[in-house]
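Working notes, structure below.
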Amino acid sequence: MNVAQKNITRRDQMKVLRKKLNLSQHDLAMKIGCTENHIRFIERGINDPSSRMANAICHALKSDVYTVFPDIFKKNS
């Protein structure tokens with residue numbers, strides 16, 4: 001399946017939180033130990049983060065997985 005066929009979910013909240021902290025994609029990548037491309041692909045919904053990566057991103061953005069990745073993590077009611 002190529003990118004055009006995949007149901008892509010943009011992660012706008014991740015971008016909003018990142019910008020609120022005045023972090024570029026590069027800054028966030030350096031802070032959590034990955035590449036800028038990886039952050040870009042996660043933000044665009046092309047790649048899903050591992051649980052470990054999702055937690056690192058959320059910690060850096062001072063948020064939780066339910067807010068940053070609602071398409072992946074769902075709160076139990």
Listed pairs under 3.5 Å, donor-acceptor, residues 62-69 side chains, sequence neighbours left out:
unit_1	atom_1	unit_2	atom_2	d
Asp64	OD1	Tyr66	N	2.9
Asp64	OD1	Thr67	N	2.8
Asp64	OD1	Thr67	OG1	3.1
Asp64	OD2	Thr67	OG1	3.3

How long is the straight-line distance from [atom2] of [Y] back to [atom1] of [X], given to the nearest 0.5 Å?
X: Ile46; Y: Glu43; atom1: CD1; atom2: CD; result: 11.0 Å
X: Asn55; Y: Ser50; atom1: CG; atom2: OG; result: 8.5 Å
X: Lys31; Y: Ser24; atom1: NZ; atom2: OG; result: 11.0 Å
X: Leu28; Y: His38; atom1: CG; atom2: NE2; result: 10.5 Å

Problem set entry | Non-hydrogen atoms of Glu36 and Ala29 that approach each other most closely |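 Taking Glu36 first and Ala29 second, the nearest heavy atoms are N-CB, 3.6 Å.
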
Problem set entry | Shortest non-hydrogen contact from Gln25 toward Arg18 |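 So the minimum-distance heavy-atom pair works out to N-NH1, 3.4 Å.
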
Is there side-chain contact between [X] and [Y], with heavy atoms separated by less than 4.5 Å?
X: Ile72; Y: Pro49; result: yes
X: Ile39; Y: Ile32; result: yes
X: Met53; Y: Cys34; result: yes

For this session: Starting from the C-alpha separation in whole Å, work towards a yes-or-no answer on side chain to side chain contact (heavy atoms under 4.5 Å, CB included) for Leu61 and Leu21.
Result: CA-CA 7 Å; Leu61 297 179; Leu21 294 172; 4.3 Å; yes

Exercise. Any link between Phe73 and Ile42 through a network of hydrophobic side chains (Ile, Leu, Val, Met, Phe, Trp, Tyr) touching at under 4.5 Å?
Worked result: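 Result: yes, single cluster for both.
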
Exercise. Does a side-chain N-to-carboxylate-O contact under 4.0 Å join Asp12 and Arg44?
Worked result: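 Arg44 and Asp12: not salt-bridged.
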
